[in-house]
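Report on one structure; see the data block that follows.
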Amino acid sequence: MDKNKKLVLIDGHSILNRAFYGLPDLTTSKGEHTNAVLGFLNIMFKILEEEKPDYLAVAFDTSHPTFRHEMFAEYKGTRKGMPDELREQVPVMKEVLKAMHVSVIEKPGFEADDVLGTLATKAEKEGNLVSLVSGDRDLLQLASEKIKIRIPKTKRTGTEIEDYLAQDVLDRYQVTPKQFIDLKGLMGDPSDNIPGVPGIGEKTAGKLIGTYQSIENIYEHLNEMAPGKVTNSLKENQDKAFLSKELATICTDCELDFKMEDAKIGNLYNEEVYLWFKKLEFKNLLSKFQTEEVTLTTGIEEGFTTVEDLAEADKIFGMMDEKVAHPVGLHLIVEEDSIIGLSLCNSEENVYYIRCTDFITQDYLREKANKLAKGYLVSVIGLKELLPYLAFSEKDNVFDASIAAYLLNPVTDTYHYDDIARDYLALTLPSREDLLGKAYLSKAAQENPTAFLSYACYSAYVAYRSAERLRDLLYRSEMLHLFETVEMPLIYTLYDMEVRGIRVDKEDLKVYGDHLETGILSLEKQIYEQVGESFNINSPKQLGVILFEKLRLPFAKKTKTGYSTSADILEKLQSEHPVVAMILEYRQLTKLKSTYADGLAGYIREDGRIHGRFHQTITATGRISSTDPNLQNIPIRMELGRQIRRVFIPEEGYVFLDADYSQIELRVLAHMSEDEKLINAYKEAKDIHRITASEVFHTPFEEVTPAQRSSAKAVNFGIVYGISSFGLGQDLNISRKEAQMYIEKYFETYPKIKAYLDKLVADAKEEGYSTTLFGRRRPIPELSSSNFMQRSFGERVAMNSPIQGTAADIIKIAMIRVNQKLKELKMRSRLILQVHDELLVETHKEEVAEVSKIMVEEMQGAAELMVPLEAEVKEGKNWLEAK
DNA sequence: GGCTTCACG
DNA sequence: ACGTACGTGAAGCCT
């Protein structure tokens with residue numbers, strides 16, 4: 001090795017360990033744990049960027065150093081060794097490093113410490129600078145003027161690194177690096193199986209080394225020392241002391257056949273590494289490849305062709321019509337509400353981007369595309385987003401690959417062409433952002449035509465190639481029926497709802513907002529007066545300081561960043577100070593003002609309506625979600641908040657009909673658990689919370705108090721959520737023990753429910769996923785976690801998902817049917833909203849009776865359960881009245 | 001961009 | 001000893 005070069009050495013297991021415990025349990029969409037690998041790489045990249053070294057090597061132990069420790073722990077009955085989630089990441093880490101051509105050193109018979117010590121010392125002697133990266137302070141003994149020990153700490157704000165040259169060790173610990181060995185020899189270290197001298201801890205060891213410098217010197221001067229416990233123990237344990245020192249010493253002259261040149265840093269960002277990062281779903285790290293990205297192609301792009309000639313386009317559409325056995329992949333390129341091009345694919349070689357020109361008009365493309373779907377299977381990615389430009393309908397032969405991919409794995413966040421290619425075609429494609437950045441499409445088309453063509457064609461290509469495979473996977477996992485009869489038709493229903501939107505009275509909304517504003521200003525003034533100073537009430541940080549430091553209110557509970565000021569804490573503090581109630585009210589008002597009054601106003605379009613979006617591929621359970629704005633969380637529980645519903649109004653000549661299911665989740669539970677008592681209760685249309693209260697509290701049905709009923713209601717909710725005594729206790733503000741009693745009584749009352757919930761967990765553990773009545777699946781990798789919290793979470797999810805998911809399946813069926821029926825009967829009334837167990841239909845005044853009947857029939861008839869499904873319809877001239 | 005809080009089912 | 005109810009989305013603060 002040349003002089004004056006920089007070498008970075010990494011203590012593999014130690015950093016992997018740090019990363020594992022420092023980061024949350026991240027997994028890929030397939031459930032493989034990746035947090036340790038990601039954390040390791042983040043630390044490594046940070047150091048490489050800082051230091052720009054010439055050489056890099058990572059040392060791993062060949063057997064895990066805490067082996068004995070593990071055996072001991074096993075004996076005690078608690079497994080404390082390397083958790084499985086970490087263990088499975090070790091080989092992955094080594095593979096990734098190998099792909100980066102980073103030298104990985106594993107020498108049987110040598111611990112990583114000794115390898116690191118030897119290499120560092122050797123490099124130093126040859127006149128180089130060394131950085132030794134480890135989470136383990138034992139390595140501090142190696143610090144010198146040229147060997148820097150770097151200890152990374154994973155904090156909330158990112159990774160911070162503590163650096164130690166010899167002088168830093170002295171400053172911080174008042175001992176030299178060499179004396180660190182003696183210190184440890186005296187103190188011992190149970191995790192490393194170093195016994196040390198009994199009775200000597202950190203303090204005494206520090207004093208002794210401060211005075212005598214080394215263990216050898218201590219024993220030379222032992223007779224000069226004042227008699228006492230410490231001196232006695234030293235005398236009795238001389239063997240142990242010297243053995244401990246030996247054990248604590250890191251070898252710096254091991255016989256290693258290692259050539260430093262092997263550790264020379266090459267190209268870390270090569271294609272193999274790119275594939276690894278894609279596989280591990282390290283989206284942020286992929287940005288490091290940005291420069292190489294464009295050249296990173298798979299060869300398929302050679303077959304992509306741009307078409308700008310009308311006759312040519314005609315020929316291609318004709319050709320798409322020929323191959324009837326296979327699907328046609330189709331995608332639209334759209335900008336500012338107009339089509340700028342259309343891509344098509346019906347074989348690996350035939351991939352075309354047909355650009356809109358003076359002759360190839362939007363209408364032409366639209367017509368050709370519509371015709372295609374009348375005859376042959378057209379496969380697309382993200383159908384709902386294409387519907388504004390196409391006239392596809394339920395009757396056409398269309399396959400949405402993103403919806404299929406969602407059913408097969410609902411816990412991923414996106415289902416773009418690159419995600420589908422990665423998961424189902426084992427193909428790594430650059431994403432839209434990889435190719436085009438954040439540029440406008442037409443701009444990108446001019447500036448980077450090659451990348452643009454790739455982007456334009458990938459969706460059609462992936463839609464074409466993945467369709468049959470996805471369909472087969474759906475079939476094999478028994479979800480094809482759900483896909484074809486529920487999810488595909490639902491796309492059109494949701495699209496209809498988005499187009500229709502909901503009418504909002506802009507003026508009324510303004511009045512409501514002004515009313516809130518008045519209240520907020522008044523409360524603000526009162527709060528500042530009460531406290532004696534003005535501050536930002538919206539800042540939990542500032543509020544916490546005011547409440548718990550300035551006013552010294554009790555029950556301060558800490559969050560990660562400061563005091564918790566959440567509503568449930570403040571509620572308990574109301575009697576302590578009058579300002580607390582004001583703050584609670586202030587919170588309520590500002591929430592209503594910013595999120596609802598002001599927030600909704602910004603979404604009202606020219607037509608006086610809000611056209612929110614409904615998402616079908618977001619939730620893990622199968623529910624729909626709503627954004628821009630979220631119309632599924634409009635206030636209702638509190639009086640002031642629910643008043644905002646008055647501003648949601650129907651068109652002239654129309655009214656609202658709002659129908660909601662009565663306790664659909666508990667009814668689903670009754671059906672799925674087959675618990676006779678619960679089933680009978682519903683058959684007899686009894687008040688279920690009251691019955692539960694009567695049974696749990698051993699009180700005659702007629703004598704149940706409102707408080708008892710309310711507690712029983714909380715228990716019923718808890719059951720659906722995957723009950724835990726802690727959660728129930730929290731909700732009811734009672735002790736965990738009491739909550740546990742309620743739960744036990746509940747299970748005594750409904751014995752089959754207990755058995756059923758247990759079975760849900762057991763089955764999910766066995767299969768790795770939970771299943772709804774209609775076959776919808778949700779993977780639950782947490783069930784196999786060794787972490788108690790994680791596993792418990794998985795168990796609650798296993799109990800909740802089939803219930804919540806089945807209810808979601810049912811209302812999806814109902815909304816498709818209601819929407820279709822209204823359309824079939826050519827009615828003017830239209831479905832405009834879904835809120836999980838509720839449907840809102842903007843109903844023509846002449847159609848009220850008929851629509852009401854349709855809603856009840858379709859909702860109640862959406863599934864045949866062992867208990868009746870009940871839906872209650874209400875009419876109103878605004879959304880509040882209809883509730 | 002993460003955290004906290006809070007709106008709904 | 002640990003420390004959470006299940007599923008979402010939006011706003012505001014703060015680093």
Side-chain angles (χ1 to χ4, degrees), chain A residues 24 78 155-158 284 410-411 535-544 557 559-570 583-584 586-600 602-603 612-615 618-638 640-642 644-645 660-661 663-665 714-715 717-732 736 739 743 770 778 780 782 787-805 807-808 811 833-838 883:
Chain A
T78 52
K155 289 192 172 167
R156 272 180 293 104
T157 47
N284 290 337
V411 287
F535 64 102
N536 188 346
I537 311 168
N538 282 322
S539 161
K541 198 177 155 193
Q542 294 181 37
L543 181 61
K557 199 176 122 189
T559 64
K560 279 172 201 163
T561 48
Y563 301 105
S564 171
T565 65
S566 62
D568 58 327
I569 303 255
L570 295 191
I583 290 166
L584 281 168
Y586 174 89
R587 279 252 180 93
Q588 217 182 91
L589 264 56
T590 50
K591 176 87 177 181
L592 292 172
K593 178 85 163 62
S594 65
T595 306
Y596 299 103
D598 298 347
L600 289 175
Y603 286 103
R613 303 169 57 196
F614 293 98
H615 304 277
I618 300 295
T619 69
T621 53
R623 275 187 174 182
I624 285 161
S625 87
S626 160
T627 65
D628 309 307
N630 183 353
L631 292 169
Q632 291 180 323
N633 74 344
I634 303 300
I636 190 156
R637 293 175 191 166
M638 304 290 280
L640 181 62
R642 69 186 294 159
I644 200 171
R645 292 186 173 229
D660 63 348
Y661 280 114
Q663 295 159 353
I664 185 168
E665 290 181 340
V715 178
F717 269 106
I719 294 294
V720 171
Y721 290 158
I723 197 98
S724 81
S725 55
F726 183 91
L728 181 65
Q730 186 114 51
D731 189 49
L732 287 176
R736 237 183 67 178
I743 295 169
S770 66
R778 168 182 182 168
I780 314 178
E782 293 90 347
N787 177 307
F788 173 78
M789 288 298 303
Q790 295 263 349
R791 200 171 55 250
S792 303
F793 172 75
E795 288 167 359
R796 292 195 295 274
V797 165
M799 295 187 253
N800 170 265
S801 297
I803 301 172
Q804 191 183 115
I811 194 160
L833 279 186
Q834 186 255 41
V835 193
H836 308 309
D837 65 351
E838 166 193 1
K883 287 295 299 179

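None of the values given here were measured: they were computed from a predicted structure. Within every chain, numbering begins at 1; the chains are lettered A, B, ... in the order of the sequence lines, protein sequences first and strands thereafter.
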Worksheet item: Taking only residues two or more places apart in sequence or in another chain, which ones pass side chain to side chain donor-acceptor pair (under 3.5 Å) with A:Thr565?
Response: A:Arg587
Discussion item. According to ring pair (Phe, Tyr, Trp, His ring centres under 6.0 Å), who are the partners of A:Tyr563, at least two apart in sequence or on a separate chain?
Written reply: A:Phe548
Discussion item. Please encode protein proximity along nucleotides 4-9 of chain B as a string of B, S and -, counting only heavy-atom distances under 4.0 Å.
Written reply: SSBBBB
Worksheet entry | A:Thr595 side-chain proximity, nearest of C:dA5, C:dC14, C:dA11 | C:dA11
Fill in: Residue A:Asn800, side-chain heavy atoms: nucleotide from C:dG7, C:dT4, C:dG9 that is nearest
C:dG7
Discussion item. Using a heavy-atom cut-off of 4.0 Å across all strands, would you classify A:Ile803 as base, sugar-phosphate, or nothing?
Written reply: nothing
Practice prompt. Tell me what A:Ala739 touches on the nucleic acid: a base, only sugar-phosphate, or nothing, going by heavy atoms under 4.0 Å.
Written response: nothing
Worksheet, complete the sentence: Here the helical stems involving DNA chain C, each at least 3 consecutive Watson-Crick or G-U pairs closer than 3.5 Å, sorted by first residue number, are B:1-9 with C:6-14
Item to complete: For the side chain of A:Thr627, starting at C-beta, report the closest nucleotide among C:dG9, C:dA5, C:dC6.
Response: C:dG9
Fill in: Any A:Arg778 side-chain N or O less than 4.0 Å from OP1/OP2 of C:dC6
no
Discussion item. Test of understanding: with side chain to side chain donor-acceptor pair (under 3.5 Å), list the residues that count as partners of A:Ser539, not counting sequence neighbours.
Written reply: none
Worksheet item: Under 4.0 Å between a side-chain N or O of A:Ser539 and OP1 or OP2 of C:dC14?
Response: yes
Can you pull every protein N or O that's under 3.5 Å from an N or O on nucleotides 1-3 of chain C?
from, atom 1, to, atom 2, distance (Å)
C:dG3, O6, A:Arg736, NH1, 3.3

Worksheet item: Base, sugar-phosphate, or nothing: which does A:Gly718 touch, judged by heavy atoms less than 4.0 Å apart?
Response: base
